[in-house]
Amino acid sequence: MVGETLATKFVSMGHKVKMGSRTANNEKATAWASKNGGLASHGTFADAAIFGEIVFNCTSGQVSLEALQLAGRENLQGKILVDVANPLDFSKGMPPSLTVCNTDSLGEVIQRQFIDVKVVKTLNTMNCLLMTNPGALKDPGNVFICGNDDSAKAEVESLLRSFGWEKIIDLGDISAARGTEQLLPVWVRLMGKLGTAMFNFSIVQ
Ligand SMILES: NC(=O)c1ccc[n+]([C@@H]2O[C@H](COP(=O)([O-])OP(=O)(O)OC[C@H]3O[C@@H](n4cnc5c(N)ncnc54)[C@H](OP(=O)(O)O)[C@@H]3O)[C@@H](O)[C@H]2O)c1
């Protein structure tokens with residue numbers, strides 16, 4: 001869902017996008033590519049990692065490391081990896097718990113395992129329809145960003161601005177992913193309470 005939403009938005013903005021999956025002939029990826037014209041293509045995770053100047057991790061948090069290993073360390077080396085995933089565990093039903101939290105986070109685990117990759121964590125604290133369309137809310141609220149590499153964050157910030165995001169808060173290095181990932185239990189509760197996924201966190205001072 002997230003991968004398709006982001007990929008469709010990027011194609012609509014004139015970017016070339018390759019959707020990766022475990023197999024080269026994934027049914028959903030094939031359907032997405034054939035529906036989205038010449039800028040859209042699909043392949044394996046490795047094909048996508050080779051193709052992308054910027055790579056997005058939109059896999060389930062519990063399998064993100066597996067997917068990134070399939071993408072290939074050598075194919076990701078030196079690139080920006082935008083991590084949108086959350087380490088949610090639904091195995092005991094709702095509400096989900098986090099598989100990693102408090103003194104660590106998925107963003108940090110990925111950064112530690114892929115030290116040559118510039119991991120930037122962002123957009124994980126909102127529904128995907130809002131990620132690419134902040135104008136859907138009268139007051140879109142804030143989007144958080146964190147990561148160890150300032151120039152990588154600046155590049156991702158400009159992508160966020162191209163979606164229409166204005167209130168971007170840089171929380172610092174990748175360890176700030178602990179905080180943004182831990183917002184998810186609150187986010188899930190709020191969705192139940194509000195009866196919609198179209199809301200966001202807004203910081204007031
Ligand atoms: N949904 C949202 O609005 C939203 C918002 C913020 C953050 N997120 C986070 O973004 C991520 C994606 O969410 P989503 O809603 O798009 O989930 P989704 O629709 O279930 O997509 C998950 C993706 O992970 C892949 N996958 C599953 N098992 C895998 C494995 N063992 N190895 C490699 N890939 C595997 C799936 O591939 P197949 O299709 O081939 O099974 C699918 O492409 C999650 O981490 C979620 O927490 C979601």
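Start at 1 and go down the list; that is how both ligands and their atoms are numbered.
Within the 4.0 Å heavy-atom shell around ligand 1 one finds M126. Ligand 1 has at least one atom lying under 4.0 Å from a heavy atom of M131.
The shortest contact between atom 12 (C) of ligand 1 and any protein heavy atom is with C58 O, 3.1 Å. What sits closest to atom 31 (N) of ligand 1 on the protein, heavy atoms only, is E66 OE2, 3.2 Å. Nearest protein heavy-atom contact of atom 37 (O) of ligand 1 is R22 NH2, 3.5 Å.
Here Q182 contributes atom CD and N102 contributes atom CG; the two are 6.0 Å apart, rounded to the nearest 0.5 Å. Rounded to the nearest 0.5 Å, atoms CG (D170) and CD (E157) are 6.0 Å apart.
In terms of polar-atom proximity, C128 is counted as a contact of ligand 1, with an N or O under 3.5 Å from an N or O of the ligand. Between T59 and ligand 1, at least one N/O pair is under 3.5 Å apart. Below 3.5 Å of separation, one finds no N or O of V63 facing any N or O of ligand 1. Of the polar atoms of S21, none of the N or O atoms is found under 3.5 Å from an N or O of ligand 1, judged by distance alone. The shortest N/O to N/O separation between V2 and ligand 1 falls below 3.5 Å. Residue contacts with ligand 1: M1 is placed with a nitrogen or oxygen under 3.5 Å of a nitrogen or oxygen of the ligand (distance criterion only). By the 3.5 Å distance cut-off applied to N or O atoms, N124 is not counted among the residues near ligand 1.
Counting only heavy atoms, the protein gets under 4.0 Å from atom 45 (O) of ligand 1. For atom 7 (C) of ligand 1, a protein heavy-atom neighbour is present inside the 4.0 Å cut-off. Taking a distance limit of 4.0 Å, we find that atom 10 (O) of ligand 1 is approached by some protein heavy atom.
Between F199 and W187, the ring-plane angle classifies as parallel under the 30° and 60° cut-offs.
Contact atoms of ligand 1 toward S60: 22 (C), 24 (O), 44 (C), 45 (O) (distance under 4.0 Å to a heavy atom of the residue). Heavy-atom contacts of F45 reach the following atoms of ligand 1: 33 (C), 34 (N) (cutoff under 4.0 Å). Atoms of ligand 1 found under 4.0 Å from any heavy atom of G61, numbered from 1 in the order shown, are 45 (O). The contact set between ligand 1 and N26, taken as ligand atoms under 4.0 Å from a residue heavy atom, comprises 40 (O). Those atoms of ligand 1 that come under 4.0 Å of a heavy atom in A67, given as number and element, are 33 (C). Within ligand 1, counting atoms from 1 as listed, the ones closer than 4.0 Å to a heavy atom of V84 are 7 (C), 8 (N), 9 (C), 10 (O). Atom numbering of ligand 1 starts at 1 in the shown order; those under 4.0 Å from a heavy atom of K28 are 39 (O). Numbered from 1 in the order shown, with element, the atoms of ligand 1 that lie under 4.0 Å from a heavy atom of N127 read 3 (O).
In the model, T99 has no side-chain atom that pairs as donor or acceptor with a side-chain atom of D89 under 3.5 Å. Side-chain contact annotation: E155 with S158, donor-acceptor N/O pair under 3.5 Å absent.
Atom CD of E53 has 12 or fewer neighbouring heavy atoms from other residues, nucleotides or ligands inside a 6.0 Å radius. Counting non-hydrogen atoms of neighbouring residues, nucleotides and ligands closer than 6.0 angstrom, the NZ atom of K167 exceeds 12 such neighbours. Applying the 6.0 Å contact sphere to CD1 of I203 captures more than 12 heavy atoms from other residues, nucleotides or ligands. When the shell of 6.0 Å around CZ of R112 is examined, it contains more than 12 heavy atoms from other residues, nucleotides or ligands.
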- Task: Please step through side chain to side chain contact (heavy atoms under 4.5 Å, CB included) for the pair T5 and M131, ending with a clear verdict.
- Result: CA-CA 9 Å; T5 307; M131 290 178 189; 5.9 Å; no

- Take F10 and F56 through the test ring-ring contact (aromatic ring centres under 6.0 Å, His included) and record every step on the way to the result. CA-CA 12 Å; F10 281 128; F56 281 73; 5.3 Å; yes

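With a 4.5 Å cut-off on side-chain heavy atoms, E181 and P87 count as touching. The shortest distance between side-chain heavy atoms of V120 and I80 falls below 4.5 Å.
Cluster membership check: L183 does not share its hydrophobic cluster with V100, using side-chain heavy-atom separations under 4.5 Å among Ile, Leu, Val, Met, Phe, Trp and Tyr.
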